[in-house]
Each structure stands twice: as structure tokens, then as C-alpha cells.
Novice: 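Right, I'll just put the structure down here and ask away after.
Chain identifiers are assigned alphabetically (A, B, ...) following the order of the sequence lines, protein sequences preceding nucleic acid strands; residue numbering begins at 1 within each chain. What you are looking at is a predicted structure, and each value in this text was computed from that prediction instead of being measured.
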Amino acid sequence: MRRERLIFFRRNKMEKNEKLAMIRHSMAHVMAEAVLEMFPTAQIAIGPSIENGFYYDFDLPRSLTEQDLEEITERMKNIIKSDRTFKRSVVSREEAKEIFKDQKYKLELIDSIPEGEEVSLYNQGAFTDLCRGPHVASTKDLNADAFKLLSVAGAYWRGDEKRPMLQRIYATAWETPKELRLYLDHLADIEKRDHRKLGKELDLFSLHEEAGPGLVYWHPRGARIRQIIEDFWRKEHYENGYEMVYTPHVGKSWLWETSGHLGFYKDSMYPPMEMDNMDYYTKPMNCPFHIMIYKNSKKSYRDLPCRWAELGTVYRYEKAGALHGLMRVRGFTQDDAHLFVTPDQMEDEIIEVLRFSLHMLHSFGFNEIHAYISTKPEKSVGDVEKWDAATEALKKAVEKEGLKYDIDEGGGAFYGPKIDLKIKDAIGREWQLSTVQFDFNLPERFGLTFVDKDGVEKQPYMIHRALLGSIERFFGVLLEHYAGAFPPWLSPEQIAIIPVAEVANDYAKELEKRLKKDGLRVVSDLSNERMNAKIRKAQQMKIPYMLIIGEKEMNNNTVSVRYRNGKQEFGLSYDDFVASVKAKVESKEQL
RNA sequence: GCCAAAGUAGCUCAGUGGUAGAGCAGCUCACUCGUAAUGAGCAGGUCGCGGGUUCAAUUCCCAUCUUUGGCUCCA
């Protein structure tokens with residue numbers, strides 16, 4: 001019964017998506033018509049429907065402004081209201097070329113339509129577009145109040161940076177104004193959760209253009225959260241069979257020549273520092289360093305698996321336009337580990353890494369997880385058998401954990417297959433965090449070996465893995481996931497003590513001392529402010545517990561608690577309060 | 001890197017061809033307060049950096065750095 005309903009619901013959802021795609025694509029045509037009204041010489045490129053809306057690319061005599069978007073919107077509304085039908089017609093290539101003889105991008109598109117496929121046009125009113133369709137029947141199927149032009153952006157023709165830069169207008173479109181409003185609310189929510197904004201408001205971190213873009217400064221409150229994350233991370237790693245290592249931040253070019261990074265990756269590395277006629281590079285990855293440790297002594301099969309973890313800070317020269325808050329930076333700390341394993345151990349190790357990954361992600365409150373397996377690309381190193389065995393191990397592990405997964409055929413790196421895990425955050429956005437990658441390249445290049453039972457030297461499998469990705473990015477994701485209201489175990493300050501008036505200051509200090517001794521993170525606000533102002537401040541810093549204390553609490557030796565969500569409790573004993581906070585911290589639950 | 005927009009006090013932002021203004025934050029003083037902002041006063045800026053035009057530039061122009069939105073969605 002339920003199953004049937006589910007299927008029905010799914011079918012409905014699919015139909016809805018198709019309908020929306022039709023609406024959006026039709027809207028794109030309407031927008032193109034409006035733009036052509038304003039700029040008769042405009043060259044039009046393509047205008048597909050996309051997630052949540054549509055866009056259209058134009059080559060225009062001048063750049064668009066905000067005012068232009070308003071005018072285009074008005075013109076679109078008029079077009080929609082004039083009730084034009086979308087008429088489909090099929091023409092020959094020659095006819096199509098004649099119709100679009102002034103539209104160079106369309107001409108190029110016509111030439112790219114495979115032989116044997118028909119060339120169709122859609123026409124509404126004065127506007128005809130080369131288009132595969134489908135479209136709604138008429139503009140009256142579009143709602144003039146259910147779309148919004150969002151932004152203008154540059155976009156290369158066909159996504160190729162060597163081709164002309166076009167102006168792309170992004171828009172969102174829905175069936176009803178209500179759906180539009182919900183979507184706009186969602187966008188506002190995203191803005192409110194923006195980690196760059198929260199980072200400033202909660203005094204967690206900063207970036208300084210004058211000191212180097214894309215490099216992160218962790219403030220005391222942010223550093224505290226980071227330290228909690230790292231402490232937890234280390235403890236879990238020791239418990240799960242890893243050893244910690246530390247490696248240098250720079251290394252001679254020999255390392256990067258051998259690893260191949262200087263060949264493939266040079267543009268993303270910080271330029272070399274010359275010393276004693278030798279080039280040194282800051283590290284863009286930790287792998288070669290861990291390999292040096294491996295190579296330091298002859299390894300027996302008895303030594304494997306080696307599981308070596310490091311919170312390794314690396315530097316990569318990301319393109320200027322790619323930098324984004326904490327999500328894309330130039331210096332970051334990978335929660336890296338490398339596993340050197342025998343072929344026999346590979347499968348169990350992968351299963352274990354995946355299990356461990358999920359455990360870590362769950363601990364931080366991410367419960368919806370999707371796996372993506374990427375397989376062998378055209379160009380690759382390593383034997384086919386190795387690729388097959390490794391890919392099989394990845395699949396087995398994912399299946400064993402009961403994860404939903406997609407396969408990206410040919411999407412692996414040239415050096416090995418991988419699994420990426422993406423989590424869904426509190427408002428449904430996906431973020432890639434964990435990655436587990438085989439590497440058939442580095443063991444070869446560095447000549448890694450181990451002596452097997454039969455006394456023969458063999459090559460170990462090498463696995464790179466990062467569970468959180470980078471600490472910076474992970475922190476950004478966490479911040480947006482919780483909208484800054486961290487669960488007590490991660491809160492930089494768990495408790496704010498707020499005396500009602502100065503008389504309670506001594507009691508506040510005493511409480512602070514006791515709570516700190518009990519292992520909790522506390523601040524007391526002894527400033528000359530009013531109680532209400534102090535509460536407001538603590539509330540804005542999203543501190544989960546506030547202890548409001550005055551004469552009553554002092555005389556009865558109790559505390560009154562105000563929770564971040566506004567709930568209040570009066571006259572709690574100290575011990576009861578501490579026990580309840582500790583229980584929350586222990587369980588890692590949100591308040 | 002490319003297209004577009006932006007850069008003014010610690011933060012959020014206003015403003016002008018005649019060298020700047022608000023709110024919050026900060027500091028000082030008074031108030032000693034019971035669950036989201038007590039009041040008054042003070043202080044704070046080479047208007048991103050460099051050049052040009054001008055009697056005069058924060059304002060106009062050029063260059064540069066940085067930030068933001070994009071540059072993956074394929075007729």
C-alpha cells in the first residue's frame with residue numbers, strides 16, 4: 001500500500017519536474033525575445049532550463065545593468081500576458097541557416113546537430129529559436145508573477161575560455177508565485193547561513209587581503225572549535241588503528257619531480273624558493289612525505305598495513321577567481337592519511353576506511369550521505385587487473401555499508417579509482433567531504449616495495465584518504481549546517497554566566513571557576529551592562545546555555561538556566577545542571 | 001585567468017568636484033537593574049593602493065590589488 005503511494009508520489013514528482021523544465025525553458029525563450037526587443041542586434045546563444053530556473057546567454061553591444069534587468073522583466077511580463085502560442089516546425093538545415101543567417105552562434109549550433117537528426121524551430125510571436133523543445137503550449141501557461149531575474153554573469157561560449165565571453169542572465173521560475181516565494185525564502189536562508197558572514201559575526205576567523213588572499217586566520221573562538229574537532233579526530237584515529245606522523249612544510253624539487261606533481265600540477269603550486277642552488281617548494285600534498293617515511297626502512301608484509309595520519313597543512317595556488325571564504329582557500333589543512341597495504345589486505349582496509357568515515361560524519365551531525373564511485377578513465381596508469389580489483393573493493397565496501405551510490409564511469413583520477421562521500425546539510429545542500437582514493441602511480445614512481453611471505457619483493461597498494469576533506473572547508477560546512485548554533489560539544493563557549501547585577505559578580509566568578517574545573521567552557525559577563533543586554537549578546541553569540549544569577553540563586557546556591565532556544569528553568573542545583581550539560585556534550589546532541 | 005559589480009571608521013552602510021556622516025562596536029561617567037539593546041558624553045577615517053585630468057579629486061579618467069556573483073547545466 002505505502003509502496004504504491006510512494007511510486008505514485010514519485011511519478012507525480014517526475015511529471016512536475018518535466019513540467020517545470022518546460023516552463024523554464026519556455027521562459028528562457030520569452031526572455032530572449034524581450035532582450036531582442038531591447039537590443040535588436042543582440043546575438044543569442046543558448047538558453048536551457050536548469051535547476052530552479054533557467055538562463056540565456058547573449059552577446060550584447062554593452063553590459064547589462066540592474067535597470068536593464070527590470071526592463072527585461074517588464075517586457076517579459078507583457079509577452080507572457082499577450083498569450084502567444086509556441087509553434088513547433090521542422091526545417092531543413094539550409095532553411096535554418098537562412099533564418100539564422102545573422103546569428104553566428106545559432107549557425108554554429110546548426111552545424112553541430114548530428115546528421116539525420118531533424119532541425120526544429122519554436123516560434124512565439126516575433127521570436128523564433130532553434131530549439132529541441134519541448135515547450136508549453138502558450139505563454140498563458142506561464143505565470144508572469146512566478147519568475148525573477150537573479151543576476152548577470154559572464155560565461156564563455158560553450159564553456160571554453162578561449163571563446164568569446166557572453167553575458168548570461170540567470171533567473172528562477174516556478175509554476176506559482178507561492179513556489180517562487182518559497183524559493184526566494186530558501187535563498188535568503190542560504191544567505192543568512194553564509195559562513196563568511198557568520199564567521200565575522202561570531203568572531204571565528206578572518207582573511208586578510210593585505211597579508212595574502214585565501215589564507216585563513218583562526219580567532220580564539222574559531223580556534224577552539226577547530227581544536228575540539230582536531231582532538232576528537234586524533235582520538236578516533238588512534239582508536240581506529242592509525243598512527244600520527246608529522247612532516248615538513250617544504251621539500252626539495254626532487255620530491256615533486258619524482259611524484260610527478262611538477263609535471264601535472266605546477267601551476268597550482270606556490271613558486272619555488274631557491275636555496276644553495278636548489279629549489280624548495282611548499283607542499284601541495286602530504287603524500288610524498290609519508291612515502292619518505294615508508295621508504296626509510298625495508299618493509300615486510302608483517303609491517304603492513306601502515307596507516308599514517310596527519311593534519312597536514314598544504315598550500316595550493318588556486319586561481320584568484322576560485323577563492324571563496326573557507327570553502328576554497330590557498331592554505332589549508334587536510335585531515336590526511338595514507339594506507340600502505342598488501343593486495344590481500346586491500347578489501348578489508350577499504351571497508352574499514354569507509355566505516356570509519358561514516359562514523360566521523362555521523363558524529364558531526366551529518367546523517368544523509370551519498371557515495372560516488374569513480375572508475376578508470378581513458379588515460380590511466382596501473383594494470384587493468386589492479387583497477388578492477390580496487391574498483392570492486394570500493395563497490396563492495398559501499399554495498400556493505402548500505403550506502404546509496406552512483407558510479408561515475410571513467411571519472412577517476414589517472415592514478416586510481418576513488419569513492420567520494422557527499423553529505424546533505426540542514427537545508428538540503430550537498431557537500432563533498434570524504435574521499436578515498438587508490439593510487440597506482442606513486443608506489444611505482446617512488447619504487448615502494450614490501451617483502452612478502454614468499455620472500456619476493458612486491459609493490460604495496462597505496463590509499464589516500466581524507467574524511468573531513470580540509471579542516472577549513474569542513475569548518476565552513478559545519479558552520480552553515482548549524483547556522484552558527486553549534487551543538488554544545490562543539491560550542492566555543494558552552495555556558496555564559498550573567499549576573500543580574502553587580503552583587504552577584506562574586507558568585508559568578510565562583511561558578512565560573514567550578515564549571516571550568518568540571519571541564520566546561522565558560523565565560524562570565526561581568527561588564528557594566530544591563531542583564532538584558534548581556535543576554536542579548538550571549539544570544540547573538542549563540543551560546544547554548546546562559547546562567548542568569550542574582551540574589552535568589554546566591555542565597556539558595558542554585559542556578560537559573562536560559563537556553564539558546566529561549567526556554568528557561570529556575571532553581572536548578574549546580575550538580576543537576578552540570579550533569580545535564582555533560583550528558584549533551586557526551587552524546588554530541590544538538591541542544 | 002576572463003565577464004560584471006563593489007572597496008568610505010572595527011562592523012553595517014549613507015554621501016559629495018571645494019579634503020566626510022549615521023547606527024552598532026570602543027572609551028569615560030552615571031544608573032545596580034530578574035530573561036533579546038539604560039542614558040549621556042568622548043574618541044575614531046591619507047574615502048583600497050598608484051598615476052592622470054583639474055585652481056581643487058574620496059567624487060571624473062586610467063592602471064593595479066582585493067572582495068563578491070558567475071565562467072559545470074547545451075539547440
Novice: Name the closest nucleotide to the A:Ile535 side chain, picking from B:C71, B:C73, B:A36.
Specialist: B:A36

Novice: Do the ring planes of A:Tyr265 and A:His261 sit parallel (below 30°), tilted (30 to 60°) or perpendicular (above 60°)?
Specialist: perpendicular

Novice: Does the Lys NZ or Arg CZ of A:Arg473 fall within the cation-pi geometry relative to A:Phe332 - under 6.0 Å from the ring centre and within 45° of the axis?
Specialist: no

Novice: Hey, does A:Glu569 reach any base, or is it just sugar-phosphate, or nothing, if we go heavy atoms under 4.0 Å?
Specialist: nothing

Novice: Given B:C71, B:C11, B:A36, which nucleotide is nearest the side-chain atoms of A:Tyr156?
Specialist: B:C71

Novice: Tell me whether the NZ or CZ atom of A:Lys87 lies within the 45° cone about the ring axis of A:Tyr122 and under 6.0 Å from its centre.
Specialist: no

Novice: Report yes if a side-chain nitrogen or oxygen of A:Arg158 is closer than 4.0 Å to either non-bridging phosphate oxygen (OP1 or OP2) of B:U72; otherwise report no.
Specialist: no

Novice: Quick check for you: among B:G1, B:A36, B:C74, whose closest atom lies nearest to any side-chain atom of A:Glu161?
Specialist: B:G1

Novice: Where does RNA chain B pair, written as one dot-bracket string 5' to 3', with Watson-Crick or G-U pairs under 3.5 Å, ( ) inside the strand, [ ] for crossing pairs and | for another strand?
Specialist: (((((((..((((....[..)))).(((((.......))))).....(.(((..]....))).))))))))....

Novice: Find which nucleotide of RNA chain B each of A:Ala533 and A:Ala45 is nearest to by heavy atoms, and output the residue with the more 5' nucleotide.
Specialist: A:Ala533

Novice: Check every atom of B:A36, B:C73, B:U67 against the side chain of A:Pro213 and return the nucleotide holding the closest atom.
Specialist: B:U67

Novice: Taking donor-acceptor contacts at under 3.5 Å, does the side chain of A:Arg564 reach the base of B:A36?
Specialist: no

Novice: Given B:C11, B:C73, B:G70, identify the nucleotide with an atom nearest to the side chain of A:Ala153.
Specialist: B:G70

Novice: At 4.0 Å (heavy atoms only), tell me whether A:Glu201 reaches a base, stays on the sugar-phosphate, or touches nothing.
Specialist: nothing

Novice: Using a strict 4.0 Å threshold on nitrogen-to-oxygen distance, state whether A:Arg562 and A:Glu569 make a salt bridge.
Specialist: no

Novice: What's the gap between B:U12 and B:G51 when it is taken at their P atoms, as a whole Å value?
Specialist: 28 Å

Novice: Tell me whether the NZ or CZ atom of A:Arg168 lies within the 45° cone about the ring axis of A:Tyr55 and under 6.0 Å from its centre.
Specialist: yes

Novice: Measure distances between side-chain N and O atoms of A:Tyr55 and base N and O atoms of B:G70, and say whether any donor-acceptor pair falls under 3.5 Å.
Specialist: no

Novice: Determine the interplanar angle of the A:Tyr315 and A:Tyr270 rings, folded into 0 to 90°, and report it as parallel if under 30°, tilted if 30 to 60°, perpendicular if over 60°.
Specialist: perpendicular

Novice: Measure from the side chain of A:Met531, starting at C-beta and using heavy atoms only, and say which of B:U35, B:C3, B:G69 lies closest.
Specialist: B:U35

Novice: Could you say whether A:Tyr56 or A:His324 is positioned toward the 5' end of RNA chain B, judged by the nucleotide with the nearest heavy atom to each?
Specialist: A:His324

Novice: Please tell me if A:Tyr563 has a side-chain N or O lying less than 4.0 Å from either OP1 or OP2 of B:U35.
Specialist: no

Novice: Nearest to the A:Val500 side chain among B:U67, B:A36, B:C33, which nucleotide is it?
Specialist: B:C33

Novice: Can a salt bridge be assigned to the pair A:Glu201 and A:Lys197 using a cut-off of 4.0 Å between side-chain N and carboxylate O?
Specialist: yes

Novice: Please tell me if A:Arg168 has a side-chain N or O lying less than 4.0 Å from either OP1 or OP2 of B:C3.
Specialist: no

Novice: Of the nucleotides B:A37, B:U35, B:G70, which one has an atom closest to the side chain of A:Ser560?
Specialist: B:U35

Novice: Sort out for me which residue in A:Leu166, A:Val35, A:Asp129 forms a side chain to side chain contact (heavy atoms under 4.5 Å, CB included) with A:Tyr56.
Specialist: A:Asp129

Novice: For B:G69, does either OP1 or OP2 sit under 4.0 Å from a side-chain N or O belonging to A:Ser151?
Specialist: no

Novice: Of the nucleotides B:C3, B:A4, B:A37, which one has an atom closest to the side chain of A:Asn532?
Specialist: B:A37

Novice: What about A:Glu553: does its side chain form a donor-acceptor pair under 3.5 Å with the base of B:G34?
Specialist: yes

Novice: According to a strict under-4.0 Å criterion, is A:Arg330 in side-chain N/O contact with OP1 or OP2 of B:U66?
Specialist: no

